[in-house]
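The chains referred to below are lettered A, B, ... by the order of the sequence lines, with proteins before strands, and numbering in each begins at 1.
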Amino acid sequence: MSMIKAHHLAASYGHGDTALKVVKDVSFEVQKGETFGLVGESGCGKSTILGALAGRNKQWTGSIEIDGETIGQKRTRAQLAKQQLVFQDPFGSIHPRHTIGRTLLEPLEIHGKDRRQERIEKVLTDVGLPLNFRYRYPHQLSGGQRQRVAIARALILEPKILLLDEPTSALDVSIQAEILNLLKDLRQREQLTYILVSHDLAVVAHLCDRVAMMQSGGFVEIATRQQLLENTVEHAYTRILMDGSRGYVSERRNNKGEALPV
Amino acid sequence: MAKSGTFSNLHDWLISEDFTSARQARLHTVYLGWLSLVANPLAFAGFAVVLLLVIVAAFAPMIAIHDPFAQDFAMALQAPSAAHWFGTDEFGRDVFSRLIYGARTTLYITILVTVIVAPIGFVIGATAGYLGGWVDVVLMRITDIFLSFPSLVLALAFSAALGPGIENAVIAIALTVWPPIARLARAETLTFRNADFVIAAELQGAGTGRILLRHIVPLCAPSIIVRLTLNMSSIILTAAGLGFLGLGAQPPMAEWGAMAASGRQYLLDAWWLTTVPGIAILTVSLAFNLLGDGLRDIMDPRNG
Amino acid sequence: MSIIQTSEPSAPRKSALPKAAGKVATSFVVILTTLLGLMMITFTVGRMVPADPVIAVIGDQADQATYDRVYKEMGLDRPIYVQFAGYLSDVVRLDFGQSIITKQPVSTDLARVFPATIELATLATIIGAGLGIPLGVIAAVRKGTWVDHVARVVGLLGYSTPIFWLGTIVILVFYAHLGAIPPGGRIYLYDEGIVQARTNFILIDAALGGHWDVFRSALHHIIAPAVILGYASMAYLSRMTRSFMLEQMRQEYILTARAKGLGQRPIVWRHAFRNIRVQLLTVIALAYCGLLDGTVLIETVFAWPGLGSYLTSALFFADMNAVLGSVLLIGIISIAINLLSDIVYRFIDPRTR
Amino acid sequence: ATPKDELVIAITMTTMRGLDPHEINQLEAAEVVANLYDRLIALPPDNITDPQPSLAESWTISEDGKTFTFKIQQGVTFHSGNPVTAHDVEWSLHRLVKLGLAPSTDLRQWGFSAKNVDELIRAEDDHTLVLQTPEVWNPNLILYSLASYSTSIVDATFLAGKEKDGDWARNYLQTADAGSGPYSLVTWRSNQLLIADAFKDYWKGMPAMKRVYMGHVPESSAQRLQIDAGDVDVATRLSSTDLSGLERDGKVTVQKVPGFGFYYLALNQKDEILSNPKVREAFRYLIDYDGLANSVMKYYGTKQQTIIPAGLPGASDEMPYKLDVDKAKQLLAEAGYPDGFSKVYFAQPGTPESELGVSLQNSAAKAGIKLDLQIGDQIGKFRSRQFELFSSRTGERLPDPHAVLQSYATNANNADDAKLSGLVAWRSAWDVPKDIQDMVIAAAHETDAEKRDALYARINETYLRASPALVTSFQRTDPKAVRHEVKGYVGHPTWLTRWDTVTKSE
Amino acid sequence: MANTSDTILTVENMSVEFPTLSGVTTAVRDVSFTVGREKIGIIGESGSGKSTTGRAIMRLQPPQAIVKANRMQFEDIDLLTASEEEMRSIRGRRIAMILQDPKYSLNPVMTVGEQISETVILHERATSQEARSRTLAMLERVNIRDPERVFDLYPHEVSGGMGQRIMISMMLIAQPSLIIADEPTSALDVTVRQQVLSILDDLVVERNIGLIFISHDLNLVRSFCDRVIIMYAGRVVETIAAADLDQAQHPYTRGLLNALPSLDHPKDRLEVLRRDPAWLEN
Ligand SMILES: Nc1ncnc2c1ncn2[C@@H]1O[C@H](COP(=O)(O)OP(=O)(O)OP(=O)(O)O)[C@@H](O)[C@H]1O
Ligand SMILES: Nc1ncnc2c1ncn2[C@@H]1O[C@H](COP(=O)(O)OP(=O)(O)OP(=O)(O)O)[C@@H](O)[C@H]1O
Ligand SMILES: [Mg+2]
Ligand SMILES: [Mg+2]
Ligand code: NI
């Protein structure tokens with residue numbers, strides 16, 4: 001059963017002659033419980049796709065189906081609650097003047113949920129934060145802790161899908177590991193479906209079942225995890241990305257001259 | 001300095017970041033603000049003067065040593081003396097007492113204008129900034145029209161039109177003060193409009209009103225409060241300017257600007273009539289400026 | 001890698017022309033609506049003023065028949081929108097009507113009084129910017145030192161001083177007690193009528209006509225009000241300069257410049273200051289418009305025959321044409337100044353080119 | 001310091017609106033017009049009730065008192081060089097009446113109108129002008145009127161060229177002169193300055209002051225500083241305090257030029273409370289006559305509680321009222337308002353009117369009357385009877401009791417639509433007792449001086465007892481501070497202060 | 001391995017302290033290392049004091065910071081006692097610094113060419129003509145194709161990768177013997193990063209100079225540098241040859257390595273770093 005189905009999805013910014021088509025005709029399906037990766041260089045349209053799925057970006061064409069339900073440009077609250085976005089920057093994604101408790105309470109109020117304190121306590125425990133953190137302000141938290149709060153906020157509405165936009169790229173490796181582990185645990189426990197954007201293929205390979213390589217708004221290849229690990233990807237661009245995530249490749253050592261293949 | 005036990009306990013409780021309740025978290029922030037205010041001598045001086053103004057205004061009848069309205073031509077234009085600390089005016093009224101009562105007028109105008117202007121400015125600015133599009137265009141056009149008048153000219157025109165009187169002066173001043181607040185609110189809103197936490201709230205289904213009130217207000221509040229505090233100084237100056245031109249407060253009400261203005265007629269024989277209210281205006285206006293400037297450092301570190 | 005080798009600046013440049021034309025068109029519409037709004041406000045204000053314009057013309061003791069006739073003559077019997085429309089169509093033909101007080105066409109009056117204000121405001125801005133900007137820069141560079149504190153107090157004092165009061169005290173001290181400055185006005189009364197009015201800028205006219213004694217007298221007269229206004233504007237400009245400079249000095253590129261081995265002076269002036277020029281320009285433009293405010297009061301105190309006093313007396317005596325004309329002029333000037341600063345802004349900031 | 005052969009006068013110009021002698025209605029402009037133009041007759045400032053020849057070298061009055069024949073001086077020229085003839089006089093007086101603006105009252109009150117003036121005022125030849133009055137009036141009233149600034153003689157030939165759309169050159173004359181007076185206008189910049197040069201062909205000889213400057217110095221303290229420093233020679237808008245100060249310093253003489261007008265408080269008689277005679281009476285006890293007289297009003301007025309100005313026939317120095325709050329309270333109680341009441345009170349801006357207002361507000365408060373004082377230009381509301389209390393001052397320009405009485409004591413029709421808005425009695429909606437009105441009319445027609453005096457004495461008495469709606473407290477004086485070295489600048493009670501008599505010593 | 005005979009920089013027991021409202025924070029504590037004609041990497045978590053170390057060497061620490069050390073010797077110069085005047089002549093000419101994000105570290109209102117030639121004019125008293133030709137040559141050296149055109153561009157008109165190359169040319173034009181690069185590529189895409197690094201690599205090797213490369217990317221440092229300094233909470237916990245990183249001894253270094261997801265050695269769960277207070281005791 002597929003949780004997300006995007007068909008001929010295209011998205012753009014701006015109007016009239018300043019309009020910019022950023023995502024050009026991509027189609028993909030994500031199964032329930034699966035993690036789908038999106039990689040590609042900066043500006044290729046990864047966040048835009050997530051935006052379209054989450055309901056943030058309303059200028060898209062094609063069709064989107066979530067949890068069997070076809071989604072339009074305008075969404076109901078219930079539809080919005082089905083998927084939640086986790087942002088890259090843990091410093092910018094939490095309201096700086098709300099306590100953590102307040103931040104977590106907000107979605108409950110919007111959706112008129114009951115048992116609010118109970119839910120907050122549960123979700124804090126789920127993401128591994130002490131309960132008295134709810135009285136703290138974001139500036140009193142480390143980056144990793146904030147990212148946990150961001151995940152908690154996304155989880156509190158009990159969504160089926162988490163859309164993760166580079167959730168660890170602002171974090172140190174040691175903390176990245178904690179978050180990646182947390183995401184793995186949650187996926188298992190809550191039966192969640194993920195779409196993960198990253199530019200680190202190692203991270204993608206760690207978490208994802210399948211990954212789409214993007215270049216200037218389109219998919220150039222969709223590889224399985226197996227392919228990545230076995231280094232059997234086909235597209236040249238994917239190879240560059242793979243080399244990149246292994247570190248620096250000295251050209252002098254390779255003695256190949258200055259230009260790298262594109 | 002040795003603190004008594006309870007005080008140092010309270011201090012520790014307030015300063016601790018290990019909160020056990022939301023109330024403690026709030027008090028903590030307030031207390032930190034207070035500490036930084038105390039640590040900033042200029043701002044604290046401003047705060048002290050403002051506090052003094054409030055106290056003087058509240059207890060005017062007890063502080064004033066004479067009836068501020070009692071006329072006695074026999075006592076007109078007396079130089080400062082033990083009986084009349086700041087002398088008497090052309091009607092023989094005690095300038096010190098009038099000054100004390102003038103604090104009420106000043107505070108009344110300042111507060112009333114601020115109370116009118118803050119919500120209007122915020123709502124217009126934040127709505128324009130948040131909604132964008134034609135709403136933004138229309139609202140900002142109106143704001144710009146008001147902004148394209150120098151503010152005193154506009155206040156002058158309106159209070160001339162509405163007629164003299166303190167309420168009219170308040171309206172006239174309010175009309176000139178809201179546009180910069182709206183602009184500020186809009187600019188602030190724009191910087192937060194696309195912040196991730198606002199988008200997160202939107203994606204969870206929060207409506208416009210909720211986002212403006214719950215998310216944007218707390219963020220704009222510091223800079224708007226700072227601006228309002230600084231504005232109080234210019235409100236005082238504008239009110240005084242209107243009083244000076246014969247608009248604003250009407251006799252026998254004591255208003256510093258009007259006092260300074262009418263004192264100008266007696267400048268050469270009774271320097272205190274103009275000088276004393278002038279210094280009062282200067283002091284209070286400076287105090288609000290110092291306070292606002294300090295608050296900016298405390299609440300809005302971006303503007304260094 | 002070719003994606004990176006070529007940068008994209010040439011692309012937007014091609015379409016710059018039609019875009020610019022569109023921009024001009026929109027800003028034209030914007031200005032027009034602003035002006036219209038401006039006139040609507042002033043017109044309404046004018047109609048609300050309690051003083052009776054007819055009495056301003058005929059005087060207190062005239063009888064009713066006279067009153068009624070003049071009322072009609074002034075067109076006050078027509079519906080208000082007709083009056084407004086009539087006024088608009090006159091204004092479009094650059095006819096602001098006649099002033100009740102001066103019995104001159106308002107445009108003639110404005111041509112006479114406005115230069116006096118411009119002269120004052122310009123000199124004040126020169127004083128204010130000339131002192132305020134360096135002061136602000138120094139305060140920012142020496143942040144936290146005594147220079148900074150002095151600059152801050154001087155600046156805040158400038159913000160906080162009631163300008164009319166300062167003017168009064170200055171006259172009391174410097175004219176009455178010290179005799180160091182003249183009492184007010186642009187020149188001594190008995191120097192009037194010597195210089196031929198060409199531009200109505202008395203300094204320029206006197207210089208053109210070679211009347212150096214009048215020139216000196218005029219200079220002598222303008223100094224006190226200009227310095228007082230200049231002080232207010234200096235206060236503002238130095239505060240703004242300081243905060244702009246502080247913000248720039250925090251930027252990474254300043255670290256780069258220091259890493260290059262640049263000394264303090266080139267870092268401050270060549271790097272940081274260059275970055276605030278644009279903002280400063282906007283602020284100076286604002287300060288200049290703000291000075292038009294200050295002139296209302298300072299002109300009253302120093303009996304300066306400029307736009308400020310013209311407007312005030314027009315307001316108090318229900319001289320509607322004069323009020324509308326001068327407010328419109330002030331509005332146009334501040335729109336023009338802002339537009340100008342916008343244009344220069346585009347010109348000097350490479351990022352907006 | 002000012003040049004030796006030039007006169008510098010500091011004034012307040014805000015109310016100076018144009019210089020057309022047939023249109024203006026204001027003291028400062030009148031002083032200018034007085035010097036730009038001449039009139040048939042002159043009233044010497046020191047003997048104001050004694051008409052002297054000016055452009056008219058002589059005149060005769062017919063037996064029936066209705067026909068006045070004036071001989072016009074020969075050899076007098078206008079500034080344009082045109083000779084002054086009877087036709088100019090005829091044209092000027094017709095112009096005054098036909099324009100019908102405020103000052104035209106000076107002739108129209110005697111029955112002249114646009115319809116009859118062509119017939120009643122005629123030039124017989126170049127040097128003879130005949131003027132007939134529709135009714136018999138005391139002849140002095142007519143002669144005084146012909147000495148008023150409003151009957152200034154303008155240059156008809158010259159103005160013919162300046163006429164546009166039959167406007168009697170009104171537009172032109174606002175800012176220019178066409179007179180034969182000792183000075184010709186060089187520049188007038190509203191609210192700034194006025195320059196007039198001596199007319200070298202003036203028929204009395206060229207004035208000593210080659211040039212006169214009038215500067216707009218609105219601040220009393222500035223005027224004081226400037227006259228003190230010698231930057232101006234004459235200052236006319238000083239506060240009483242500054243005048244005292246100047247007098248003390250001894251560099252100037254202060255003239256208290258008497259005027260024929262009053263500082264008054266008008267109580268709207270359409271108001272139920274204010275129309276109660278006891279309430280009206282109470283207000284007379286609420287003015288701090290003595291306090292004001294020694295301070296604010298020291299130079300601006302002399303105490304006068306009766307209606308005929310001091311120095312005129314029938315005037316009395318009776319002062320029955322003084323500040324007496326208890327008495328006022330008692331009167332209010334008798335009237336049925338023991339707890340007082342609240343009213344809106346309009347006072348004119350500027351010194352001393354605003355101070356008078358503040359003072360009254362204060363003493364009224366003591367008697368329980370709460371006055372919401374609004375200082376501002378509210379004349380329009382007063383004219384249209386939309387006020388409760390109003391105070392200001394009047395300035396009548398004929399040195400005759402009739403001028404004041406007509407405005408303060410006649411009101412032929414008290415209806416709203418009668419619109420006799422030239423009269424302060426009508427504006428206050430005060431239905432003046434019939435006997436007073438009759439006496440006023442009779443006195444104006446009376447040609448016998450003694451009978452007239454007696455009549456005025458009676459009017460004065462009756463008026464006082466009528467507890468009038470117009471509370472007069474001070475008779476207006478206009479102070480002028482003149483530096484000692486300036487001689488011959490003599491303030492004129494009917495606003496016709498001349499500059500051609502001025503010389504400077506040292 | 002580094003040739004110790006060719007030491008450019010020696011730092012002994014350097015500490016950097018920041019006085020704050022709540023007492024003194026020690027951002028860097030007793031750090032010692034040497035730099036030869038080699039590429040030395042500094043890694044560590046955010047806030048571990050990497051940038052502070054780099055800036056302290058150039059004496060570009062924030063004004064309130066207090067730098068203490070037993071010895072800080074750069075070639076013939078004692079950095080501890082050098083006057084500000086001397087430091088200025090060293091900065092940019094003998095020690096250069098490349099910052100993280102070209103978007104912010106170039107002056108937005110000066111042309112690229114102006115900013116590069118400024119260095120030459122400053123340090124070598126070159127005429128503007130000479131400076132221009134030197135600049136053009138340098139731009140060419142960092143693989144910019146059309147230097148004439150790029151010379152007159154403003155920073156916002158160039159891409160990130162190009163900006164970083166401009167930054168490199170600006171810093172290397174005066175031929176310094178030591179370069180401090182503070183995360184020079186972390187704002188860049190993987191693909192661009194490779195290219196910028198290879199240019200930097202070439203220049204360092206070609207001119208035989210020292211490079212301090214600050215980064216928190218373990219894989220990058222491992223493959224790019226010769227030697228690695230590992231910092232934790234302001235302290236150097238370990239210094240090791242890049243090739244031997246996998247054999248690192250310190251539990252912190254090991255922890256970091258194990259926390260890293262890897263394409264070559266996939267793990268189901270990542271190991272989480274367990275911090276030991278004992279690491280804070282030197
Ligand atoms: N609000 C917007 N308005 C206009 N253009 C936009 C907007 N947001 C993004 N873009 C443009 O759309 C393109 C794709 O942006 P997007 O954020 O989806 O890229 P990304 O793949 O997420 O990049 P990164 O890795 O840097 O996050 C970019 O060229 C960007 O400039
Ligand atoms: N101006 C300052 N005032 C006070 N403390 C500072 C200041 N600058 C840096 N610090 C402190 O010094 C420590 C080291 O900071 P530094 O910037 O050197 O870390 P870093 O290793 O470069 O981190 P990153 O990887 O995030 O760049 C931090 O704990 C920081 O809080
Ligand atoms: Mg993105
Ligand atoms: Mg760093
Ligand atoms: Ni298809």
Trainee: Tell me, out of B:A261, B:A240, B:A287, who's got the most heavy-atom pairs with chain C below 4.5 Å.
Mentor: B:A240
Trainee: Examine whether an atom of B:F288 lies under 4.5 Å from a heavy atom of chain C, and if so say whether it belongs to the side chain, the backbone or both; otherwise answer neither.
Mentor: neither
Trainee: Please identify each residue that fulfils side chain to side chain contact (heavy atoms under 4.5 Å, CB included) with B:R141, with sequence neighbours left out.
Mentor: B:D144, C:V30, C:T33, C:T34
Trainee: Looking at C:I332, C:T300, C:V327, C:L297, which has the largest count of heavy-atom pairs under 4.5 Å with chain B?
Mentor: C:L297
Trainee: CZ of B:F244 to CD1 of C:I163: how many Å apart, nearest 0.5 Å?
Mentor: 11.0 Å
Trainee: Quick check on C:I335 against chain B: is it the side chain, the backbone, both or neither that has a heavy atom closer than 4.5 Å?
Mentor: side chain
Trainee: Measuring heavy-atom distances to chain C, does B:T275 have an atom under 4.5 Å in its side chain, in its backbone, in both, or in neither?
Mentor: both
Trainee: I'd like to verify something: which residue of B:G263, B:S234, B:G241, B:S233 has the highest number of heavy-atom pairs under 4.5 Å with chain C?
Mentor: B:G241
Trainee: Which distance, rounded to the nearest 0.5 Å, do you find between the OG of C:S334 and the CG of B:L147?
Mentor: 9.0 Å
Trainee: Quick one: of C:L291, C:I333, C:I330, who has the most non-hydrogen atom pairs under 4.5 Å with chain B?
Mentor: C:I330
Trainee: Quick check: under 4.5 Å, non-hydrogen atoms only, which of residues 170-177 of chain C neighbour chain B?
Mentor: C:L172, C:A176
Trainee: For chain C, find which of B:I279, B:I236, B:T238 contributes the most heavy-atom pairs closer than 4.5 angstrom.
Mentor: B:I279
Trainee: Against chain B, work out which of C:I337, C:T168, C:V323 has the most heavy-atom pairs shorter than 4.5 Å and name it.
Mentor: C:T168
Trainee: Please list, chain by chain and in numerical order, all residues satisfying salt bridge (Lys or Arg N to Asp or Glu O under 4.0 Å) with B:R264, sequence neighbours excluded.
Mentor: D:E219
Trainee: Less than 4.5 Å to any heavy atom of chain B: does that hold for the side chain of C:I169, its backbone, both, or neither?
Mentor: side chain
Trainee: Heavy-atom pairs under 4.5 Å with chain B: which of C:V153, C:L36, C:I41 has the most?
Mentor: C:I41
Trainee: Among B:L230, B:L290, B:N289, exactly one meets side chain to side chain contact (heavy atoms under 4.5 Å, CB included) together with C:Y159. Which residue is that?
Mentor: B:N289
Trainee: Could you check if a side-chain atom of B:L286 sits within less than 4.5 angstrom of a side-chain atom of C:T161, using non-hydrogen atoms only?
Mentor: no
Trainee: Run the salt bridge (Lys or Arg N to Asp or Glu O under 4.0 Å) test against C:R152 and tell me which residues pass, sequence neighbours left out.
Mentor: B:D293, B:D297
Trainee: Under 4.5 Å from any heavy atom of chain C, what part of B:A260 do you find: side chain, backbone, both or neither?
Mentor: side chain
Trainee: Can you give me the closest heavy-atom contact between B:G278 and C:P162, atom names plus distance?
Mentor: O-CG, 4.1 Å
Trainee: Could you pull out the closest heavy-atom pair between B:T274 and C:W165, with the gap in Å?
Mentor: O-NE1, 3.0 Å
Trainee: Quick check on C:L311 against chain B: is it the side chain, the backbone, both or neither that has a heavy atom closer than 4.5 Å?
Mentor: side chain
